[in-house]
Structure formats: structure tokens, C-alpha cells
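What follows is a short report on a single structure.
Values below: all heavy atoms of this structure, side chains included; hydrogens, waters and symmetry mates excluded.
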Amino acid sequence: REEINDTRGRLYKIYQEQLADLDASGHLRLPRIMPEGRSSWHLFHILLPTRRWRDRCMDGLKARGIGATFHYQPLHASPFARKTLGWSERLPISERAGETLLRLPLYTELKTDDVLYVCDALRRCLTGRRQ
């Protein structure tokens with residue numbers, strides 16, 4: 001189990017390094033892990049500026065053979081919460097995350113070159129250029 005976590009952690013860090021400039025330029029937001037925090041590195045996600053950009057990147061990655069998907073539906077906005085709990089209040093931060101979060105591939109069989117390919121394809125979707 002530790003070996004699996006180490007592999008995913010290594011790939012996660014490559015994503016962080018390769019996409020840092022896109023985070024700094026405001027094209028996307030990378031996940032943040034507090035220094036005292038621990039992670040199982042079970043997924044890697046980014047936040048894009050708008051739902052339109054998220055969908056554009058998802059489609060662009062798919063066209064390049066990359067399975068990236070949205071991941072998060074705010075619980076309060078789910079049919080269950082609305083019907084069963086009668087929830088009607090809006091939670092804009094959660095809703096924005098649900099609309100703009102894109103999960104990138106992260107699994108133990110992924111190779112460094114695969115992560116670099118994903119990063120290059122994402123960069124092309126966002127900026128029209130290669131790194």
C-alpha cells in the first residue's frame with residue numbers, strides 16, 4: 001500500500017511542478033495541501049476559471065485520448081438534498097467548485113511521460129501553445 005501511495009505522490013508532484021506556471025498566470029488553480037497535512041494522493045484536480053473553460057478543457061483532453069472528468073457535485077445541490085432535506089439555500093463557493101473542477105488522470109500505472117502528455121495537452125487547451 002505504501003508503494004502505491006508513493007507512486008501516486010510522485011505523479012501528483014509532477015503535475016504540481018508542470019502546471020505551476022498556469023496556476024501563477026491565473027489559467028487554473030492547483031490543489032493546496034497544508035504543510036502539516038497528509039494525502040493519499042488518490043486524485044489530482046484543478047479548478048478552472050469558468051464552467052465553459054472546464055468543459056472546453058475536458059473536450060480538448062478527450063480529443064487527445066485523455067480521460068479527464070468533472071468530479072464534484074455539491075451535496076446541497078443534489079436532487080436528494082433538495083427533495084429529502086428540503087435544502088434550498090445557495091452555497092456559491094461549493095457551486096463554483098462543482099462547476100469548475102476538473103479531475104486529471106492519476107493512477108499507479110500512469111508513467112511520467114503520460115503525465116507530461118496530459119500537462120502539455122492541458123496547456124494547449126488553455127493557452128494554445130506547448131511548453
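Heavy-atom neighbours of R32 CZ from other residues, nucleotides or ligands within 6.0 Å: above the threshold of 12. Atom CD of E36 is surrounded by more than 12 heavy atoms from other residues, nucleotides or ligands within 6.0 Å. Within a 6.0 Å radius of CZ in R29, no more than 12 heavy atoms belonging to other residues, nucleotides or ligands are found.
Contact between L106 and R8 at its shortest, heavy atoms only, is CD1-O, 3.8 Å. Taking each heavy atom of C119 and Y15 in turn, the nearest pair found is SG-CD2, 3.5 Å. Closest of all the heavy-atom pairs between R96 and P49 is NH2-O, 2.7 Å. Nearest heavy atoms, V118 versus L61: O-CD2, 4.1 Å. Looking at every heavy atom in both residues, H27 comes nearest to L48 through O-CD2, 3.7 Å. Residues C57 and L126 approach most closely at SG-CD2, 3.5 Å, considering heavy atoms.
K13 is not listed as a side-chain neighbour of L11, based on a closest heavy-atom distance of 4.5 Å or more. Two residues are said to be in side-chain contact when any heavy atoms from C-beta on lie closer than 4.5 Å; L28 and L30 meet this criterion. Annotation: side chain of L122 is in contact with side chain of I46 (closest heavy-atom distance under 4.5 Å). Side-chain atoms of Y12 and I33, non-hydrogen and from C-beta on, do get closer than 4.5 Å to each other.
Not a single donor-acceptor pair under 3.5 Å links the side chain of R123 to the backbone N or O of L19. When atom types are taken as modelled, the side chain of Q16 and the backbone of P31 share a donor-acceptor pair closer than 3.5 angstrom. In this structure, T84 contributes its side chain and A81 its backbone to no donor-acceptor pair below 3.5 Å. Side chain of R103 to main chain of G67: no donor-acceptor pair is present (N/O by atom type, distance under 3.5 Å, no hydrogens or angles). Within the 3.5 Å criterion, the main-chain N or O of R124 finds no donor-acceptor partner in the side chain of T127.
Between D120 and R64 there is no salt bridge, since none of the side-chain N atoms of the basic residue sits less than 4.0 Å from a carboxylate O of the acidic one. Between E95 and R90 there is a salt bridge, with a side-chain nitrogen of the basic residue lying less than 4.0 Å from a carboxylate oxygen of the acidic one.
Using a 4.5 Å cut-off between side-chain heavy atoms of Ile, Leu, Val, Met, Phe, Trp and Tyr, with links allowed through other members, I66 and L101 fall into different hydrophobic clusters. In terms of hydrophobic clustering, with Ile, Leu, Val, Met, Phe, Trp and Tyr side chains grouped at heavy-atom distances under 4.5 Å, L102 and W53 are assigned to a common cluster. In terms of hydrophobic clustering, with Ile, Leu, Val, Met, Phe, Trp and Tyr side chains grouped at heavy-atom distances under 4.5 Å, Y117 and M58 are assigned to a common cluster. At a threshold of 4.5 Å between side-chain heavy atoms, the hydrophobic network of Ile, Leu, Val, Met, Phe, Trp and Tyr places W41 and Y107 in one connected group.
Taking OG1 of T7 as the reference point, atom NZ of K111 lies at 8.5 Å (rounded to 0.5 Å). For the atom pair N5 CG and R10 CZ, the distance stands at 13.0 Å (nearest 0.5 Å). Atom CZ of R54 is separated from atom CG of D59 by 10.0 Å, given to the nearest 0.5 angstrom. One finds the CG atom of L85 at 5.0 Å from the CZ atom of F80 (value rounded to the nearest 0.5 Å).
Applying the side chain to side chain contact (heavy atoms under 4.5 Å, CB included) test between T112 and each of D114, V115, L116 identifies L116 as the sole match.
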